[in-house]
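Just so it is clear, the model here is predicted, and its values are computed rather than measured. Reminder, nothing fancy here: chain letters follow the sequence lines and each chain counts from 1.
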There are 2 protein chains.
Amino acid sequence: MELGERKLKILSAIIEAYIQSGEPVGSKALVEMLDHTASSATIRNDMADLATDGYLEQPHTSAGRIPTAKAFRLYIDSLMKRQPLTEKSRHEIEELLSGAASDPERLIEEASQALAEVTGCAAVTTTPDQQSSSIRRIEVLRSGTRTAALLLMTSSGMLRSRVCRFDSDIDSPLLERLNNTLSAEFLGQPLSSVSLAQVQGLLVALGEVGLACAPALTAFVELVQESAEAEVLLSGQLNLLRHPDYELERARSLLSFLSQRELLANMLTAHSGGLRVVLGSESPRPELDGSSIIVTRYSLTGGGDGSIGIIGPLRMDYAATIPRLEYFAQTISRLLRQLMNDG
Amino acid sequence: MELGERKLKILSAIIEAYIQSGEPVGSKALVEMLDHTASSATIRNDMADLATDGYLEQPHTSAGRIPTAKAFRLYIDSLMKRQPLTEKSRHEIEELLSGAASDPERLIEEASQALAEVTGCAAVTTTPDQQSSSIRRIEVLRSGTRTAALLLMTSSGMLRSRVCRFDSDIDSPLLERLNNTLSAEFLGQPLSSVSLAQVQGLLVALGEVGLACAPALTAFVELVQESAEAEVLLSGQLNLLRHPDYELERARSLLSFLSQRELLANMLTAHSGGLRVVLGSESPRPELDGSSIIVTRYSLTGGGDGSIGIIGPLRMDYAATIPRLEYFAQTISRLLRQLMNDG
DNA sequence: GTTAGCACTCTTAGTGTTAGAGTGCTAAAA
DNA sequence: TTTTAGCACTCTAACACTAAGAGTGCTAAC
C-alpha cells in the first residue's frame, strides 16, 4: 500500500484538477500538469494501480479518473499544501468581524454569516457551550397582572429572557420573594447543576405562595436548560444551491438534514478539539454523501467553547478553505475573550 | 370581454385540472370534465377565444392550454369555490397551535411552522407591528464591571434584551440613576416616539454621568427601534424544493429573494387588511415569477397587527389553501387576544 | 521500469423516424 | 347562428442510429 512518490504526485494532481473542474481527469491532461516528467502511458499504469488500491474510480470505461473519498482523506491528511491566507483576505475577515456586535451571541451569528460569505459554503456555528458557565444573575420582572419577564444572565455573558404566565394575579411581594429565593438558591451555580428536583424543592420552601409560583419555576428550569444547550446557527444555505455539484435532490436532502438541529449539534460537538474534516461518504448519514464538513472549535477564557465549521461539496478547495476557517476560529476566540475580559 | 357561462366553466375546469396535474389541458380531457355537455370541437372554439382574450396560452402548437396569470386572477377573484375546512383539519390546526408557547413571539413562530407544514408551502409571518404599542418597562441590570443587560418590555407583551458594554467601569448608583431617568422619560410612551434627539437630550440631563451612559443610551435606542420594526419570520423553505414546479434555478432565486427580509417585509405590510393574493407575474420582481403569495393579517386587541401568509408555486390549490390560511389568522388572533387580555 | 502505438470502449451530439396528442379549419347539422 | 363531426396539419417525445472524440488497456519495444 506504500505509494511511490510519483503516484502521490499523480494523485495530488488529479485531486486538485478535479477540485477545480469537477470533471474526470485523464492521463493526457496529467502529462501537462506534471510537466512531462512522465509519459501518458506511465501515468496510465500508475492510475490503474491507484484505482485498484481504491484511490480512484472511473465513471465509465472511457472517462478519466475521479478521486474517491479515500483519496480525499489522504490528500487532506498529508498531501495537501495549505494555502496561507493573503494579507488581503486576513484584512477582509478582520473587517467583517470587527463591525460585529458586542453581544457574544450576535458576534457568533454575524461571524457565521461572514464565514459563509467568504467560503461560499454553508456555515454552521454553535454558541459557546454553557455547561460549565454559571448563573450570574436572575430577575423576575412584573409585566402584567398575570405575566412576568424572566431574565437569566450567565457568567459567559449570555442573556436569555422569556415571558412567563401565572395562573392567577401576581403582586410585588410575591415576585420579590420569588426573586430572592431564586437568587439565593442559584446565583453562582453552574447551569448544568440546576435540576427539576431542586426547583421542586423550592416550591415547597416557598410555602403558601409556592403553588402560585410554579409556572415561573417551570419556566426558569426551561430557560436554564435552553441556555445550557449550545444553540446551532446555520447560515448561507443558499450558497449550496449555487454550487454546480448540488442538483436539486441532493441539495434538498442535505438542507433537510441541516434543518434537524439536534443531529447537527451532535455532529459538531462529538469531537473534543482541533480541526476535523468529515467526508460525507465516511459518515453513516446518507444525506451527507457528496458533501464534506470541516469543523474546528473556538474557545473562551471562561472555559466555554463552541464549534464553527462549514459544510459544502466534497469537491471543495480544502487547501484554501481550511486556513480560512482556522483564522475565523482564532479571531472569534480573540474577540470573545476581549469581550469577556472586561465584561 | 364578457365571458359566457360555458367559457367560464371551461376556464375553471382548465385551471383546476392544471392545478392538479401541472400539464397542459386538452379539449378531449375537458369533454370528460364537463360531462359531455359540449363536444371537443365546441370546446376548442371556446378555448381559441379564451386564448385570444389572454386567459390561456399554449406551450407549443400541438399541446393543450395553460391558464395565464390573468386566468388565475379571474379564478381567484370570482370563479373559485372555496373549499370549507373539514372538522378534522380544523382540529389538526387547533392542535398544532394550542401546544404553542405563551410568549407571543414564539406563538407566531410556531404558527408559522405549522402553517408551512399544513399547506406544504413556505410560510411567512411578521411579528405584530409595534409602532402603536408603548413601553411598559425598562430595566438596566448590571452584569459585569463594564457590561449591563438592557431589557425592554412593550405593552403588547414583547420582550427584548441585549447586552450593552460601557467604556468604563460602572457602579450601582450610576445604573440606578440611568434606570430612573429612562423610566421617567419613556414609560408609557409609544415606541415610535422614541427618537435619537430625545435620548441625546437625556445625555445632557444626566450631567456628569451622561457621557458614561452614552453607550447604554445608544443601545436603548437601537433596542427600541429593533422592537418597533416588525420582524419577518420565514418557515418551510424546504417545502419549495420539494415541489415539482420549482427546478433548482427558480427555487434558488425565490429563496434568495425571500432571504432579503426588508423586501419581504415591504411586500407583506404594503396592504392594509383582508386577504390578498399576489401572483408572481403581476409583481415587478422577476424572482416571484411562477410563484404566488397569499397574505392576510391577524390582529391584536391592543391595536397592533401583523401579517401571515404563504408563498408557493403559482399552481397552488387556492380553493383549499386560502380557507386554511384564514383559519390560521383567526386562530392566532384569538390566541393572542387571550394572552393579552389577562396578561 | 518506461514508453509508443494501436485497438477497443464508451459518451455525446446530432440526425432521422415514428407514434401520439392536440389543434384549426371546413362543411354539414341543429 | 351555434354546434358538431371529420380530417389535415403541426409539434413533441421517444427511439434508434451514426460519427467524432476522449480515454483507456494492452503489447511490444526501448
Side-chain angles (χ1 to χ4, degrees), chain A residues 1-11 13-18 20-68 71 244-245 247, chain B residues 1-11 13-18 20-68 71 244-245 247:
Chain A
M1 266 291 212
E2 270 294 300
L3 294 176
E5 197 184 340
R6 193 183 55 217
K7 282 187 184 168
L8 291 178
K9 271 192 183 151
I10 290 173
L11 191 54
I14 291 176
I15 293 172
E16 277 159 16
Y18 178 69
Q20 252 227 320
S21 72
E23 309 268 286
V25 185
S27 54
K28 208 169 144 191
L30 282 168
V31 173
E32 300 292 327
M33 290 177 221
L34 299 178
D35 295 321
H36 299 266
T37 50
S39 76
S40 68
T42 310
I43 290 172
R44 275 203 293 282
N45 286 334
D46 285 350
M47 283 167 88
D49 291 352
L50 287 167
T52 48
D53 285 353
Y55 291 104
L56 297 176
E57 59 188 12
Q58 271 180 301
H60 55 262
T61 324
S62 78
R65 297 306 214 295
I66 285 181
T68 61
D245 280 13
E247 87 289 6
Chain B
M1 272 289 216
E2 270 294 301
L3 294 177
E5 197 183 339
R6 193 184 54 218
K7 280 188 185 170
L8 291 178
K9 272 192 181 151
I10 290 174
L11 190 54
I14 291 176
I15 292 172
E16 277 158 17
Y18 177 69
Q20 252 227 319
S21 71
E23 309 269 284
V25 186
S27 55
K28 209 171 146 191
L30 282 168
V31 173
E32 301 292 327
M33 289 178 222
L34 299 177
D35 294 321
H36 298 267
T37 50
S39 76
S40 67
T42 310
I43 290 172
R44 274 204 293 283
N45 285 332
D46 284 352
M47 282 167 87
D49 290 352
L50 286 168
T52 48
D53 285 354
Y55 291 104
L56 297 175
E57 59 185 13
Q58 274 180 300
H60 55 262
T61 323
S62 78
R65 297 304 215 295
I66 284 180
T68 62
D245 280 14
E247 86 290 4

Quick check on [N]: is either OP1 or OP2 less than 4.0 Å from any side-chain nitrogen or oxygen of [X]?
X: R6(B); N: dT2(D); value: no
X: S39(B); N: dT4(D); value: yes
X: S62(A); N: dG23(D); value: no
X: T61(A); N: dC8(C); value: no

Item to check | Which residue lies more 5' along DNA chain D, comparing H60(B) with A29(A) via nearest heavy atoms | outcome: H60(B)
Next on the checklist: Can you work out whether N45(A) or P24(A) has the more 5'-proximal nearest nucleotide on DNA chain D?
Outcome noted: P24(A)
Item to check | Presence of donor-acceptor pair under 3.5 Å, side chain of R65(A) and base of dG25(D) | outcome: no
How long is the line joining [atom1] of [X] and [atom2] of [N], in whole Å?
X: L34(A); N: dT3(C); atom1: CG; atom2: P; answer: 12 Å
X: Q58(A); N: dT24(D); atom1: CD; atom2: C1'; answer: 7 Å
X: I66(A); N: dT24(D); atom1: CD1; atom2: C1'; answer: 15 Å
X: K28(A); N: dG5(C); atom1: NZ; atom2: C1'; answer: 14 Å
X: E5(B); N: dT2(D); atom1: CD; atom2: P; answer: 16 Å
X: M47(A); N: dA22(D); atom1: CE; atom2: P; answer: 16 Å
X: H36(A); N: dA4(C); atom1: NE2; atom2: C1'; answer: 16 Å
X: E32(B); N: dA21(C); atom1: CD; atom2: P; answer: 14 Å

Checklist entry - NA contact type, A63(B), heavy-atom cut-off 4.0 Å: base, sugar-phosphate, or nothing? => result sugar-phosphate
Checklist entry - With respect to the side chain of T42(A), which nucleotide from dC25(C), dT2(C), dT24(D) is positioned closest? => result dT2(C)
Checklist outcome for this item: Between S27(A) and R44(A) the two heavy atoms that sit nearest each other are OG-NH1, 3.3 Å
Checklist entry - CD of E247(A): more than 12 outside heavy atoms within 6.0 angstrom? => result yes
Next on the checklist: Which residue is it: N45(B), D49(B), D46(B)? I am looking for the one with a side-chain hydrogen bond (donor to acceptor under 3.5 Å, both in side chains) to K7(B).
Outcome noted: D49(B)
Checklist entry - Between T68(B) and G54(B), is there a donor-acceptor pair closer than 3.5 Å when you use the side chain of the first and the backbone of the second? => result yes
Checklist entry - Which value, rounded to the nearest 0.5 Å, describes the distance between L8(A) atom CG and Y55(A) atom OH? => result 8.5 Å
